[in-house]
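Everything numeric in this text was worked out from a predicted model, so none of it was measured. Computed from heavy atoms alone, side chains included, the values below leave out hydrogens, waters and symmetry copies. Proteins come first, then strands; the chains are lettered A, B, ... in the order of their sequence lines, and each starts at number 1.
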Amino acid sequence: MADLKEVSVGDSMPERVVAKVVVSDFVKYAGAGGDFNPIHHDPSFAALAGQDSVFAMGMWQAGVVSVAAAEWLGPENVRRFKCRFRERVWPGDKLVCSGEVVAIREDAGEKVADLELKVSRGEGQIAVEAEATFAVS
Amino acid sequence: MASEEQGQFGEPFVFPVELGKIREFAKSLKAESSVWLSEDAAADAGLSGVPMPPTFPIAAAHWDPPPAPGRGGLDLDLRFILHGEQEFIFHGPPPAAGAKLTGRQRLADVYEKEGKRGGSMKFVITETVFADESGRDVITSRSTLIQTGQVVKKEG
């Protein structure tokens, strides 16, 4: 975890890499979080829906980058996390989660850091863009 | 479309923040720290309990909470639903394992737009507000679902 007193604009979150996404990742996440939409685990359903294979729940890859950020700045310090889904994540993808502090400010009497985060897949296409705010006082 | 019901909160539902679910959830998200896994590790890190991962409140959405009033009238087709955005606002440190939260959902907004790939798109913004046992609001979760007019094929 970072030394919160030292956190400043431009600091980079330690990268977190998922070397190869596998269908089991989606199944574990489904069991943990309850998203049993078959498009994420049943190939025949995915085919019926016009997809080439099952693909990840967007909240899985968003969750991976959120946990990386929480482990960097402290899980008790998160005040906001917002994610936008850009490209879907497919089995076999390599993911890279990264992030940077873009502002330090006061909010409701707390010193907070705003982060811009992203999850890249494949050749660097953006799968998820996210913003987060952490208390750093 | 704006119905009479849109914007009103639905029936409250209980969302227990369970240690076992937090452990599974964190592990499935490639967590590396042990603070998500045991009360001892959390205590060693100076925490009063095992914290929830930032996206954990989404789990409440999958346990069939009472729907937001007006949701049934939207005529959504699950084959063509995309999750566009998701936001979680914590009004203080996130609740830890053992907390018993009460959630209520409302349709915050519904609108339509012409899409580039998928024909006409309907945006449905649902808000879930969670209160702790003292009745204080602790989390606001906001989800944007997009219904496309047709199957959206693989982007890449």
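- For N77(A), there are no side chain to side chain donor-acceptor pair (under 3.5 Å) partners at least two apart in sequence or on another chain.
- Side-chain contact check for K122(B) versus E112(B): some heavy-atom pair is nearer than 4.5 Å.
- Side-chain contact between D42(A) and F36(A) is absent, with no heavy atoms from C-beta onward closer than 4.5 Å.
- Interatomic distance, CH2 of W36(B) versus CG of L29(B), reported as 9.0 Å (0.5 Å rounding).
- When the heavy atoms of residues 7-23 of chain B are compared with those of chain A, the residues falling under 4.5 Å are K21(B), listed by number.
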- [ ] Apply side chain to side chain contact (heavy atoms under 4.5 Å, CB included) to the pair M59(A) and D35(A), showing each step before the final yes or no.
- [x] CA-CA 9 Å; M59(A) 286 310 298; D35(A) 184 349; over 6 Å; no
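- Counted within 6.0 Å of CD on E24(B), heavy atoms from surrounding residues, nucleotides or ligands total more than 12; the atom is thus considered enclosed.
- Ion pair K118(A)/E129(A) not flagged as a salt bridge, since none of the NZ, NE, NH1 or NH2 atoms sits closer than 4.0 Å to an Asp/Glu carboxylate oxygen.
- The shortest non-hydrogen separation linking V128(A) to Q61(A) is CG2-CG, 3.4 Å.
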- [ ] Take V124(B) and T144(B), measure what side chain to side chain contact (heavy atoms under 4.5 Å, CB included) needs, and give me the verdict at the end.
- [x] CA-CA 6 Å; V124(B) 179; T144(B) 303; over 6 Å; no
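- Ion pairing between K100(B) and D132(B) fails under the 4.0 Å rule for side-chain N and carboxylate O.
- For the set A59(B), A61(B), P54(B), the count of heavy-atom pairs under 4.5 angstrom toward chain A peaks at P54(B).
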- [ ] Evaluate the criterion ring-ring contact (aromatic ring centres under 6.0 Å, His included) for residue pair F55(A) and F26(A); output intermediate values, then yes/no.
- [x] CA-CA 8 Å; F55(A) 56 92; F26(A) 316 155; 8.3 Å; no
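- Identified by a heavy-atom distance below 4.5 Å to chain A, the contributing residues of residues 44-53 of chain B are L47(B), P51(B), P53(B), in residue-number order.
- When all heavy atoms of L107(B) and P69(B) are compared, the pair lying nearest together is CD1-O, 3.8 Å.
- Within residues 83-96 of chain B, the residues having any heavy atom under 4.5 Å from a heavy atom of chain A are, by residue number, H83(B), G84(B), E85(B), Q86(B), E87(B), F88(B), I89(B), F90(B), G92(B), P93(B), P94(B).
- For the residue pair E127(B) and A108(B), the shortest heavy atom distance occurs at CB-CB, 4.3 Å.
- Inter-residue side-chain proximity for S137(A) and L4(A) is flagged as unmet; no heavy-atom pair is nearer than 4.5 Å.
- Proximity to chain B is absent for every atom of V65(A), based on heavy atoms less than 4.5 angstrom apart.
- Note on R79(A), E131(A), R84(A): by heavy-atom pairs under 4.5 Å with chain B, the leading option is R79(A).
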